[in-house]
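For reference, the structure discussed in these notes is given below.
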Amino acid sequence: MAKIPIGVLGATGMVGQQYISLLKNHPWFEVRYVAASARSAGKSYKDATAGRVHFPGIAESAVGELIVADANDVSAASSAAKAGGCAFVFSALEMGKDEIRSLEDAYAAAGIPVVSNASAHRWTSDVPVLIAEVNHHHADIIPAQRAARGWDKGFIVVKPNCSIQSYTTPLYALMQKGYEVRRLIVTTLQAVSGAGYPGVPSLDMIDNIVPYIGGEEEKSEQEPLKILGSIEGGAFKNAAVPKIAAHCNRVPVCDGHTACVSVEFGGKKPSVEEVKKIWADFKSLPQELGLPFAPLRPIIVREENDRPQPRKDRDADKAMAVTVGRVRPCAVFDLRFVGLTHNTVRGAAGGGILNAELLKHKGYLG
């Protein structure tokens, strides 16, 4: 099967490089177009990333010889698309939200689908925020999104904030079994890679914890409600519950976001053993389809008292699984657990790639 030619916007940045690295041997997609800022445009990808390669081997791959385009020049991507070299793009743009929103709109208007890692469109009323195992059906709003804007082939789909990955899927699995998740208190311990590169100054992080990450608490409290919500009249309606109170902290860990979660249920309450079994047995559409980036086990339950840990568990199942542990009763609410995901794989480029695989299966890409 011929691979689908794709592009990466913001290809020289940390998340853009992660896309290049993860897509190196992808069975369906092949990177044939890279774009970044004007200062990188016109250089080979190898030269544009010289001295700041975060993922070994990407500059030596075939992508290294590609000439970097200016991401602001949508016509260049459109020309590449017409020549059969860019069927859709992954967006890892690093600029202001208004600029990203406008630029992603321009790509979609030009007939180029956008699978975005950026937050600019997460609250656009008809743009789906996808966790492939949770709300894969939200992709079905794409025809309405196109119709509302007069777009033909283009559309925009985004992935959620990396901090919510470690608890949204486990909660959804319980909700699927009929348990009402009413309220949550979540404390996140977020890795420094979540701040991008160069990120947080080392003297702020060594021997320290920073109990504030701009905008993270709002995202952690609100984005799950859109993901768990419904489509009504061509737009998303947020779920009413759960109510979430989040405390977001930056910790001196390279990769892996951890969440300590207390859950209150409405109505019937599952036992600890029931919860563990629901999580261990959970599968969804990506697993049924055998999508290349789908973890075989979306939720991995650890029984050890001191797990999950970032260094030991963030790479579980292609770094795409949620690892949960310390599942126990809560003295204030009903249940406590600790969840962990790899923030730059599942929470960033890997999650975007899985979303694209899902969209291909649904017939929106290819």
Side-chain angles (χ1 to χ4, degrees), residues 131 133-134 160-191 194 209-213 215-229 238-251 253 256-282 298-310 312-314 316 321-343 346-347:
I131 296 179
E133 286 87 358
V134 176
N161 188 46
C162 52
S163 69
I164 74 169
Q165 309 279 334
S166 52
Y167 58 89
T168 303
T169 303
L171 295 175
Y172 170 77
L174 299 177
M175 295 166 69
Q176 286 295 98
K177 293 298 183 180
Y179 294 105
E180 179 193 356
V181 178
R182 181 177 290 172
R183 292 193 294 175
L184 305 177
I185 296 177
V186 180
T187 299
T188 64
L189 310 172
Q190 297 182 212
I209 290 173
V210 179
Y212 174 75
I213 307 171
E216 286 293 302
E217 291 176 356
E218 294 81 359
K219 295 172 186 175
S220 299
E221 293 171 352
Q222 294 298 315
E223 287 184 21
L225 301 181
K226 183 173 183 179
I227 291 165
L228 297 171
N238 287 358
V241 291
K243 302 294 184 184
I244 305 173
H247 308 265
C248 296
N249 306 274
R250 189 72 71 193
V251 298
V253 170
H257 285 355
T258 302
C260 301
V261 185
S262 290
V263 185
E264 179 187 64
F265 296 101
K268 62 178 181 178
K269 298 172 174 52
S271 68
V272 167
E273 291 309 312
E274 285 176 308
V275 169
K276 290 180 181 179
K277 186 176 190 314
I278 289 169
W279 286 344
D281 292 344
F282 177 72
I299 306 172
I300 297 173
V301 180
R302 303 293 312 207
E303 295 289 351
E304 302 92 329
N305 288 332
D306 60 352
R307 301 283 284 275
Q309 296 178 23
K312 294 181 179 180
D313 298 302
R314 61 192 171 207
V322 180
T323 302
V324 295
R326 302 215 66 214
V327 188
R328 61 208 193 279
C330 179
V332 177
F333 283 177
D334 299 308
L335 180 80
R336 286 179 285 182
F337 70 93
V338 178
L340 170 74
T341 50
H342 197 304
N343 57 295
R346 180 74 211 214

Nearest non-hydrogen partners of G339 and V324, listed with the distance: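 Taking every non-hydrogen atom into account, CA-CG1, 4.2 Å.
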Heavy-atom pair with the smallest gap, counting every atom of Q190 and E216: NE2-OE1, 3.0 Å
Pairwise side-chain contact, [X] with [Y], heavy-atom cut-off 4.5 Å (strictly under):
X	Y	result
V263	Y167	no
P310	T258	yes
S220	V186	no
H247	P211	no
S166	L340	no

Check against side chain to side chain contact (heavy atoms under 4.5 Å, CB included), V181 and V241: CA-CA 7 Å; V181 178; V241 291; over 6 Å; no
Can you measure from [atom1] ([X]) to [atom2] ([Y]) and round to the nearest 0.5 angstrom?
X	Y	atom1	atom2	answer
E221	K243	CD	NZ	11.0 Å
N161	E223	CG	CD	5.0 Å
L225	I244	CG	CD1	5.0 Å
L184	T168	CG	OG1	8.5 Å
L171	F337	CG	CZ	5.0 Å

Side chain to side chain contact (heavy atoms under 4.5 Å, CB included) between I227 and I164, worked out: CA-CA 11 Å; I227 291 165; I164 74 169; 3.5 Å; yes
Side-chain ([X]) to main-chain ([Y]) donor-acceptor, under 3.5 angstrom:
X	Y	answer
W279	A173	no
R182	F265	no
R250	A191	yes
D334	E264	no
E133	T169	no

Residues K276, E303: salt bridge by 4.0 Å N-O rule: yes
Full working for side chain to side chain contact (heavy atoms under 4.5 Å, CB included) between T323 and R302: CA-CA 7 Å; T323 302; R302 303 293 312 207; 3.4 Å; yes
Heavy atoms of other groups near N305 CG, more than 12 under 6.0 Å: no
Quiz item: cation-pi between K269 and Y179, 6.0 Å / 45°: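 No - K269 does not lie over the ring of Y179 by the 6.0 Å and 45° rule.
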Intermediate values then yes/no, side chain to side chain contact (heavy atoms under 4.5 Å, CB included), L189 and V253: CA-CA 9 Å; L189 310 172; V253 170; over 6 Å; no
